[in-house]
Structure formats: C-alpha cells, structure tokens
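Ligands are counted one by one from 1 in listed order, and the atoms in each one are counted from 1 as well. The figures that follow rest on heavy atoms only: side chains count, while hydrogens, waters and symmetry mates do not.
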Amino acid sequence: MEMRHQLQDQLKRLKMPGLWQALDLRLSEAQTNNLGHLEFLSLLIQDELANREDHMLGKRLRAAGFGVQKSFEGFDFRFNEEALPASMLRDLATCHFISQKQNLVIGGPPGIGKTHAVKSIGHEAARHGYQVLFRSTQKLLAELQSDSAERAERVLRRAIAVDLLILDDFAFRKLDQREAEMLYVLAEERLGKASTVLTSNRPPEDWYAIFPDPVVGGAILDRLVSAAIKIITTKGKSYRREVMAKENRTMEENSR
Ligand code: ADP
Ligand code: MG
C-alpha cells in the first residue's frame with residue numbers, strides 16, 4: 001500500500017494520470033497473461049500517451065468553437081452526393097489540403113450540409129493535431145471589433161495563426177470599410193501559410209458586391225478564392241427540409 005501511495009504521488013508530480021488510471025487493469029492483465037516486464041511497461045506508456053492525446057484533442061475541439069459539433073461519423077455521404085461529392089469530402093478529410101496550405105470554398109443552397117461538412121473537416125483536422133478556429137463570418141468580424149481592444153487583438157492573432165480557419169456563411173451581407181480591411185488582413189496574412197475554408201449560400205461571383213470598394217474586394221477574393229479547391233453547386237436537397245422534417249413528423253406521430 002505504501003508503494004502504491006508513493007507511486008500515485010510520483011505519477012501526479014510527473015503529470016501522468018493516464019498511467020495511474022490504467023495501472024490496476026494492466027497489473028491484472030500482466031498477471032493473467034504472464035506479460036514480460038517490457039511489455040507491461042510499454043502498455044502503460046501507451047495508456048499515458050493515449051490519455052494525453054485524448055486530452056489535447058478535447059482542448060483543440062473546445063478551442064475551435066464549433067458550437068454544435070458535427071463529424072463525418074454522423075454524415076450521410078449519399079444524401080447529397082451530386083452536390084457534395086463523397087470522394088472530394090473524403091479527400092478533404094485526410095487533411096492533405098491543410099498540409100498544402102490550400103484554401104477551400106463550398107458554395108450552395110441552404111440546408112445541403114455545407115456547415116456540417118466543414119465542421120467535420122475541422123474535426124478531422126483537430127484529430128490530426130491541427131489548431132482550428134470555426135466561426136460564422138459575422139461573428140468573427142464582430143469579435144474583431146470587440147470593445148475590448150485586447151480581446152480583438154487576441155482574436156485577430158489567433159485567426160491569423162491557426163492551421164485551419166473556417167469562415168462559415170461568408171458573403172451573408174454587405175460589409176463596411178472596416179470589416180473589409182480586417183478580412184484583407186486575414187486573407188493576406190494567411191495566404192500560402194495556412195488554409196482558410198469558406199462556405200456560402202451565394203455563388204462566388206456574387207461575392208464582389210458585398211465589398212464597399214471593388215479594389216479591396218478583388219484583392220480579398222483573389223487571395224481567398226482564386227487558388228482554392230472549390231465545390232460550388234446550385235443543386236442539392238435541403239437535409240433540414242427532407243430528413244429533419246420527416247423525423248419531426250414521426251416524433252409527433254409517436255407522441256400522439
Ligand atoms: P448548410 O450549412 O448547407 O445550410 P447544414 O450543414 O447546416 O446546411 O445542414 C442542415 C442540417 O442538416 C444540419 O443539422 C446538418 O447536421 C444536417 N445535415 C445536412 N446534410 C447532412 C448529411 N448529408 N448527413 C447528415 N446530416 C446532414
Ligand atoms: Mg450553414
């Protein structure tokens with residue numbers, strides 16, 4: 001018992017909670033299966049590593065600010081296969097485009113799964129160890145103009161630095177000069193250094209009109225969109241309308 005306490009204390013000081021949690025299980029496993037010393041140690045180290053990775057992933061997911069989390073596990077690839085090709089989404093899920101610092105643009109009508117898809121890509125990126133920031137474009141622009149200059153500065157630094165910046169619902173409304181300037185800073189600072197993902201309900205050719213100054217607008221879109229991987233569609237069924245409406249009807253029927 002003395003030794004257990006000592007060990008627990010030492011593991012706490014070493015910050016190795018995963019090893020401590022797994023100890024009893026691994027001890028009995030070692031006894032039942034007659035594990036060698038090295039094998040036993042190796043299993044415990046793996047437990048500690050797995051625990052750390054879990055912990056770090058949790059941190060990255062929280063820092064990303066997904067709100068409602070979505071992942072490809074809950075994504076029906078066949079539902080809108082024509083609008084959002086499964087093969088492209090699967091390629092994107094490998095995060096190769098992030099290592100290549102490429103941008104991604106997904107444009108198409110509401111409800112077809114754009115936000116779900118880019119949150120899922122963000123989730124995969126976090127699993128790959130990338131730092132991710134997810135925001136609706138409106139919200140990020142508001143945060144960048146926070147009353148607290150310190151907060152605004154912190155958000156800007158993070159939005160520039162993350163490996164993957166996801167701007168959901170881009171080109172939702174017209175921007176003012178200040179907002180356009182901030183977007184320009186983001187686009188310029190990230191170009192070729194880190195991936196930016198945009199989703200929009202409008203086609204990219206309509207995006208120029210949201211900027212107060214066509215020159216700045218052109219410069220921003222040139223940086224964000226020109227060399228981006230693009231999935232632009234006018235097709236696609238609204239999952240919200242078709243599947244969720246059906247589910248709601250079934251729920252109502254069942255509750256009667
Ligand atoms: P968009 O961003 O294109 O407007 P969303 O991604 O918000 O659409 O999708 C609307 C709702 O439908 C969300 O709750 C989303 O999780 C769900 N959804 C959309 N497409 C799929 C799909 N292929 N499989 C599972 N759920 C989906
Ligand atoms: Mg959306």
ask   = Is the closest N or O pair between F79 and ligand 1 shorter than 3.5 Å?
value = no
inquiry  = Between ligand 1 and F75, is the shortest N or O to N or O distance under 3.5 Å?
reply    = no
Taking [atom] as the reference point, the nearest protein heavy atom with its distance:
atom	result
atom 13 (C) of ligand 1	K70 NZ, 4.0 Å
atom 24 (N) of ligand 1	D76 N, 2.8 Å
atom 12 (O) of ligand 1	Y239 CD2, 3.2 Å
atom 11 (C) of ligand 1	M244 SD, 3.9 Å
atom 8 (O) of ligand 1	G113 N, 3.2 Å
atom 4 (O) of ligand 1	G111 N, 2.7 Å

note = ligand 1 to P110, heavy atom cutoff 4.0 Å, flagged ligand atoms 4 (O)
task = Would you sort out whether D24 and R4 count as a side-chain contact (heavy atoms from CB on, under 4.5 Å), showing the intermediate values?
result = CA-CA 11 Å; D24 285 334; R4 276 184 79 85; 3.1 Å; yes
key: Any side-chain heavy-atom pair of V132 and R60 under 4.5 Å   = no
message = A side-chain contact here means heavy atoms from C-beta on lying under 4.5 Å apart; do F97 and I121 qualify?
response = yes
ask   = Should R127 and E73 count as an ion pair when the cut-off is N to O under 4.0 Å?
value = yes
query = Around atom NZ of K235, are there more than 12 heavy atoms of other residues, nucleotides or ligands at under 6.0 Å?
reply = no
remark   = A student comparing H116, R78, K119, R240 should find that the heavy atom closest to atom 10 (C) of ligand 1 comes from R240
query = A180 and P212: which non-hydrogen atoms are nearest, and at how many Å?
reply = CB-CD, 4.1 Å
message = Below 4.0 Å from ligand 1: does a non-hydrogen atom of I112 turn up there or not?
response = yes
message = Ring centres under 6.0 Å, that's the criterion: do F77 and F75 meet it?
response = yes
key: Aromatic ring proximity, centroids under 6.0 angstrom, F72 and H123   = no
key: Any N, O or S atom of T115 closer than 2.8 Å to the Mg ion (ligand 2)   = yes
